[in-house]
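To start, the structure under review is shown below, and the notes come after it.
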Amino acid sequence: TSAQIGVTGLAVMGRNLARNFARNGYSVAVHNRTVARTKALVEEFGDEGDFVAAETAEEFVAALERPRRLVVMVKAGRPTDAVIEEFAPLLEPGDMIIDGGNAHFADTRRRERELRERGIHFVGTGISGGEEGALHGPSIMPGGSKESYASLGPMLEKISAKAEDGAPCVTHCGPDGAGHFVKMVHNGIEYADMQLIGEAYQLLRDVAGYSPAQIADIFRTWNTGRLDSYLIEITAEVLSHVDAATGKPFVDVVVDQAEQKGTGRWTVQIALDLGVPVSGIAEAVFARSLSGHASLRAASRDLAGPKPSPLGESEAAAFADRVEQALYASKIVSYTQGFHEIAAGSEEYGWDIDLGAVASIWRGGCIIRAAFLDRIRAAYDARADLPSLLSDETFAREIAEAQDDWREVLVTATRQGVPTPGFSAALAYYDALRAERLPAALTQGQRDFFGAHTYRRVDRDGTFHTLWGGDRTEVTA
Ligand code: NBP
């Protein structure tokens, strides 16, 4: 028999993805560098569907129907190149290599170009949802050629998560690196969401004076409203968990130094290159980085400043409502920034990414899945060329309604010395966009003063320079 799809790389993600294909009725060839993993998969889960175990690359390729669809789920970076080098010589024009790892989109662009010259479709594919998602339905973000999507799309649609309206959480994002770019920004937004939730937690704890268990209940309540999302749901689970060894809240026995694997950092690095202000995502990355500087933190512990003093019970509930407003408004801003980055990447690389479709496929399966994404989709459906999510009437109105509370929360946080980099950056972005005049005019004057960098005028076209070192007359540059 010939298999309809092959998966090589059978660690947690690859194994579960292979099972997902098999459970959906596809015959799946499976392969792994270390053969024991292949055997273990077939022994443990062989009865879930039609698996063809292959020990060598040649056997694996021979097991696939043509054109071949070969999913690579190995560690991103050099291992991906090693696997491509191993398999590409065995493939024929028209075959497809689908890279489901967390590759950098620039690597995907390079690999796609190299393989295209050999007639092979390289389909860089973002996959979100962790190991559970891979098994039960992830959100899938494929790039690559239209032709490859025509062949692969129906299979991906079958194994993907489904949104509440039944729509599959997969769309052809665009050519070459578009899928991995979209996945990268997904992860950047995920960092921002997590940071904002963290700030809300700390305010509820230190300013409102609630216990982790009480805060878990507050998050459960929020999860029934407009903040309804996977991350809010698991936040309540983590906060209500009690450490078995000590009987303390779990969150109090975990070292408060956050780690990261790099996709959030990439989102910010690329945003800097594209000139897109993703301040909320950047603050989230920096907040993790700051948390990890243990000796710097220890050396700074005695610096002067207020210690938070918890509110009384009567004020705490009202404060919690304000925090919900601040969290929601900040969330709108971080999605605004993330979608701006996707639009800018799409423009830069000619991908023609459909932003509404991206919002749509993030509604299920992935880590940032949320009711909220349906509203983003609706905003782009109503107007595909929306300059910014903040230009959408609904979001603009919601922020307008939230902003008094948002500002109030930040006043309290500042006065009590509780750090809120995410909430603050979001509000600064919002206010900067609203501002009639920005101090950027002064910046331009300074640049012209020390470096003759020139400036434009509000009242006339052209580029000008003032002779700062001379009689300060203005000349046309
Ligand atoms: P890992 O990222 O831990 O990679 C392990 C796999 O890579 C094993 O199958 C291993 O084979 C194979 N491999 C390595 Br390492 N070097 C190789 C080489 N030179 N040649 C051939 N195979 C090699 O696995 P994972 O956590 O399942 O993730 C797979 C991909 O999916 C990664 O790119 C990851 O970033 C991405 N991803 C992960 C998640 C998640 O939640 N974990 C979510 C979304 C995406 P071996 O068995 O012989 O050592």
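Heavy atoms only: backbone and side chains are in, while hydrogens, waters and symmetry mates are out. Numbering starts at 1 and runs along the sequence shown. Counting starts at 1 for both ligands and their atoms, following the listed order.
- Aromatic ring orientation, Phe219 versus Trp222: perpendicular (interplanar angle above 60°, classes split at 30° and 60°).
- Where the criterion is an N or O separation shorter than 3.5 Å, residue side chain and backbone included, Ser128 fails it with respect to ligand 1.
- The single protein non-hydrogen atom nearest to atom 48 (O) of ligand 1 is Thr34 OG1, 2.5 Å, given as residue, atom name and distance.
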Practice task
Before giving the answer on salt bridge (charged side-chain N to carboxylate O under 4.0 Å, His left out), spell out for Arg375 and Glu398 the whole-Å C-alpha distance, their side-chain angles and the decisive distance to 0.1 Å.
Solution key: CA-CA 12 Å; Arg375 318 177 61 186; Glu398 286 179 326; 2.5 Å; yes

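- You'll find the side chain of Ile232 reaches within 4.5 Å of the side chain of Leu327, heavy atoms only.
- Counting heavy atoms under 4.0 Å from ligand 1, residue Val74 touches it through both backbone and side chain.
- Under a 4.0 Å criterion applied to the non-hydrogen atoms of Leu10, ligand 1 contributes the atoms 9 (O).
- Using a 4.0 Å cut-off to heavy atoms of Met73, the atoms of ligand 1 that qualify are 29 (C), 31 (O).
- Polar contact check, Lys261 against ligand 1: no nitrogen or oxygen pair lies under 3.5 Å apart.
- When only modelled atom types and interatomic distance are considered, Asn20 and Asn24 share a side-chain donor-acceptor pair under 3.5 Å.
- Closest to atom 38 (C) of ligand 1, if we only count protein heavy atoms, is Met13 CG, 3.4 Å.
- Taking atom 47 (O) of ligand 1 as the reference point, the nearest protein heavy-atom neighbour is Arg37 NE, 2.6 Å.
- Look at Arg78 and Asp81 and you find no salt bridge, because none of the NZ, NE, NH1 or NH2 atoms lies under 4.0 Å from a carboxylate O.
- Contact check on Asp243 versus Lys248 returns no salt bridge, with no Lys/Arg side-chain nitrogen under 4.0 Å from an Asp/Glu carboxylate oxygen.
- For the pair Ser424/Leu410, a side-chain contact is recorded, criterion being any heavy-atom separation below 4.5 Å from C-beta on.
- Nearest-residue assignment for atom 37 (N) of ligand 1 (options Leu17, Asp81, Asn187, Asn102; heavy-atom criterion): Asn102.
- The residues Arg113 and Asp176 are annotated as not salt-bridged, no charged nitrogen and carboxylate oxygen being separated by less than 4.0 angstrom.
- If you check which protein heavy atom lies closest to atom 9 (O) of ligand 1, you get Asn32 OD1, 2.8 Å.
- Just one residue in the list Thr38, Thr56, Thr8 forms a side chain to side chain donor-acceptor pair (under 3.5 Å) with His31, and that residue is Thr8.
- In terms of protein heavy atoms, atom 21 (C) of ligand 1 is closest to Val83 CG2, 3.4 Å.
- Glu112 and Arg116 are joined by a salt bridge, as a carboxylate oxygen and a charged side-chain nitrogen come within less than 4.0 angstrom of each other.
- For an aromatic pair to be called close, the ring centres must be under 6.0 Å apart, and Phe60 with Phe87 satisfies this.
- Near Ile127, meaning under 4.0 Å from any of its heavy atoms, are these atoms of ligand 1: 44 (C), 45 (C).
- Closest to atom 26 (O) of ligand 1 among all protein heavy atoms lies Val12 CG2, 3.6 Å.
- Set against the non-hydrogen atoms of Gly9, the atoms of ligand 1 under 4.0 Å away are 9 (O).
- Comparing heavy-atom distances from atom 16 (N) of ligand 1 across Lys75, Arg15, Arg33 singles out Arg33 as nearest.
- The shortest contact between atom 41 (O) of ligand 1 and any protein heavy atom is with Gly130 CA, 3.3 Å.
- The nearest protein atom to atom 24 (O) of ligand 1, hydrogens excluded, is given as Ala11 CB, 3.4 Å; this is a heavy-atom distance.
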